[in-house]
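Just the heavy atoms: all of them, side chains too, but no hydrogens, waters or symmetry mates, feed the values below. Just so we're on the same page: letters track the sequence lines, and every chain starts at 1.
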Amino acid sequence: MNGTFRQSMRWLHTWAGLTLGWVLYFMFLTGAIGYFNDEITRWMQPEAHVTSSTADQTQMLTLAEARLEKVAGDAKEWYVDFPVGREYFLSIWWKELSGKDENGDGEDDGEWKDETLNLQTGEPVIVRKTGGGGALYQMHYALHYMPNTIAYWITSLSAMFMLVGLITGIVIHKKIFKDFFTFRPSKKQRSWLDMHNVLSVLPLPFYIMITYSGLIFLMFTTMQGVITSSYGAGRENRDVFYDIAFEEGEHKDAAGIAVDNIRLITVLPDVEARWGKNQLSYIGIENRGDINAHIELGQHGYSGLDHGKSLTYNAVSGELQHASSDGDEVGGAVKFYEVMTSLHEGEFAGTTLRWLYFISSLMGTGMVATGMIMWATKRREKAERNGQPSKGLVFVEQLNVGTIAGLPVAIAAYFWANRLIPAGFETRANWEINSLFMVWAAMLICPFILSRKWSLTQVWAGQLALATVLYGLLPVLNALTSDQHLVATLLQGDWVMAGFDLSMLGFALGFGFAARKMYRIASREPFAKGNKTVAKKVVTNEAIEGTAS
Amino acid sequence: MMVLSFALAFVGFVALSFAMKRHFSQMLPRGKKLSSQQVVVFSVVGYLSLLLAGVLCIMVQGVAVGLVLWMGVLTAAALLQSLLLTYRPKKVIVIGLATLAVGIITGIAG
């Protein structure tokens, strides 16, 4: 913190970016991946085939309900998802008792179960259990191996630091218009700065939206004091706030009085009279078997940023309780919240826009990475001139390679685990995720272990080469472990499955270029063995201070 | 229509780069100078083209989604121009014209 306003902002930008940079990198990468969560899940469950069929939703619902009655007779919540949009399969969901109460609200937490159903027969398709793309997306905000609340605080704090980074970045970037397109490679430090600037400025509208909306998304955790001060502490008081804010009036809790409910199929004629045939995205029932049971269903498609219309029926009488098109009773603040979260999640996005979201998110990943690399290379240059590199610098350098190159390797490992762990293995979903983190841990540790024999550049080259191999061979692994391999899917015009394999090849190409570049640099380095600087210079106090700033 | 929108955004950024001395000399053979009149013309054409790209997005997807789409298209187009200026500056004009042609054809056909 020193000197002029701009210098202070530069200091703030550096430290806001560096402190939680690795968390932000993780969030940007998993967030980018999250935009294709459904497509990734398809690749991770190759047993399920998308059959183009003209099965009508009445028939599908009949089959689904029959299956639910068979396997979920005691469940209090049922849902049926129809194969529309990015929902590729007919599936049923139900909530069973879990025997746990981890969120401490005095009620059983419940455990969601699901089955993918064959469109013609209604029989379950045997698919391997997996977290799929959804698990990667969840890590984006809920991290892993920790209670949600702690994760939300970490990711929200990171988002706040990101916002500070964005604003300070804009302030300190004097030549934001002049250097708009400027990227000058082969100029060492200047090139990293150019790349960082291009990656930061071009998707700026996206970054401002995604960061601010991300903070809004988690505000019920981070700004809980606001709710407490108006409604009182504790879960019951908070629920009063949520009911008022989100007008959950028609979503009454179970009254404890057992009454027979109508079948889901009963409301279909009324729905079809209002919307036409085959319009459903989902249909479900809550408080099943109770007097306050209600059936809720939604229309597929989006109008602008909003979800399709929804209808709620009384599950005892079959009467319509609420139609979302009755007009929005929610207040301006809730509407703002819904717009923000809608923009963030981009569920309304079609294929083109989804790819644009993905590209912008990857540029964000690059923005964070180039920033952290710049910090390290600048300090390293200073250290080589003035004496010993500080322990902090070495730590950052090794964390950089282990995260920037290592996390992509770990994500590839997640996909490899999906095909290598036997399909029938009971806890395979957890072990797929464990594989991701185990490999990431290995990537983080290996720079420390290898530092005696390998220079940092060689470690970079090695991890990037590993990424190249792992991503490049994924389509081969697919061919060896499923019948939905690239040749077959291209011939069938199945662009989701083919798209995954092709994208993996594309990423492998990118990692390959990067690895080759690092190998070339490593072979030109004077001290190819180890990262030991020649500590023959006299280390002065000035040099230490200069290194440490 | 999205191809045309992207083409217009790309051409817009090409025009805006022509209005900048550094990029003007990157894209054109040596000796050509950028006059202050040309700066105005290129800038106006550039911004109008970017705006038109946005109008197309809104026409296709409505205001809400259209604006979001526009931002994404601008980012992608600017990225392409950035990379071209770095690695193939002399080819920008040809690529710009080709992209515009493809955009117009798909726009009319669609």
Pairs of heavy atoms under 4.5 Å with chain B: top-ranked of A:G346, A:P185, A:S360: A:P185

Please report the shortest heavy-atom distance between A:L356 and B:A76, naming the atom on each side. CD2-CB, 3.8 Å

Looking only at heavy atoms, what is the nearest atom pair of A:F348 and B:V65, with distance? CD1-CG2, 3.7 Å

Check the surroundings of atom OH in A:Y282: do more than 12 heavy atoms from other residues, nucleotides or ligands lie under 6.0 Å from it? yes

Rounded to the nearest 0.5 Å, how far apart are CE of B:M71 and CG of A:L353? 12.0 Å

Assess whether atom CH2 of A:W192 is packed by more than 12 heavy atoms of other residues, nucleotides or ligands within 6.0 Å. no

Contact summary for A:F177 and B:M20, nearest pair of heavy atoms: O-CE, 3.4 Å

Checking heavy atoms, do the side chain of B:L85, its backbone, both or neither come under 4.5 Å from chain A? side chain

Please look at B:V73 and chain A and tell me whether the side chain, the backbone, both or neither of the residue comes under 4.5 angstrom of a heavy atom of that chain. both

Is it the case that atom NZ in B:K90 sees more than 12 heavy atoms from other parts of the structure closer than 6.0 Å? yes

Begin with the C-alpha distance, continue with both residues' side-chain angles, and end with the deciding distance and a verdict on side-chain contact (heavy atoms from CB on, under 4.5 Å) for B:T75 and A:I359. CA-CA 9 Å; B:T75 296; A:I359 290 169; 5.6 Å; no

Of the listed A:F180, A:F206, A:W355, the one with the largest count of heavy-atom pairs under 4.5 Å with chain B is A:F180

Check step by step if side-chain contact (heavy atoms from CB on, under 4.5 Å) holds for B:R22 and A:T182. CA-CA 9 Å; B:R22 177 196 293 157; A:T182 303; 2.5 Å; yes

Among B:F13, B:F24, B:F10, which residue meets the ring-ring contact (aromatic ring centres under 6.0 Å, His included) test with A:F181? B:F13

Using non-hydrogen atoms only, which part of B:Y87 is less than 4.5 Å away from chain A: side chain, backbone, both, or neither? side chain

If you count heavy-atom pairs under 4.5 Å between each of B:L69, B:L16, B:L84, B:V63 and chain A, which one has the most? B:L69

Taking side chain as everything from C-beta outward and backbone as N, CA, C, O, which of these in A:M363 sits under 4.5 Å from a heavy atom of chain B? Side chain, backbone, both or neither. side chain

Is chain B contacted by the side chain of A:L199, its backbone, both, or neither, given a heavy-atom distance below 4.5 Å? neither

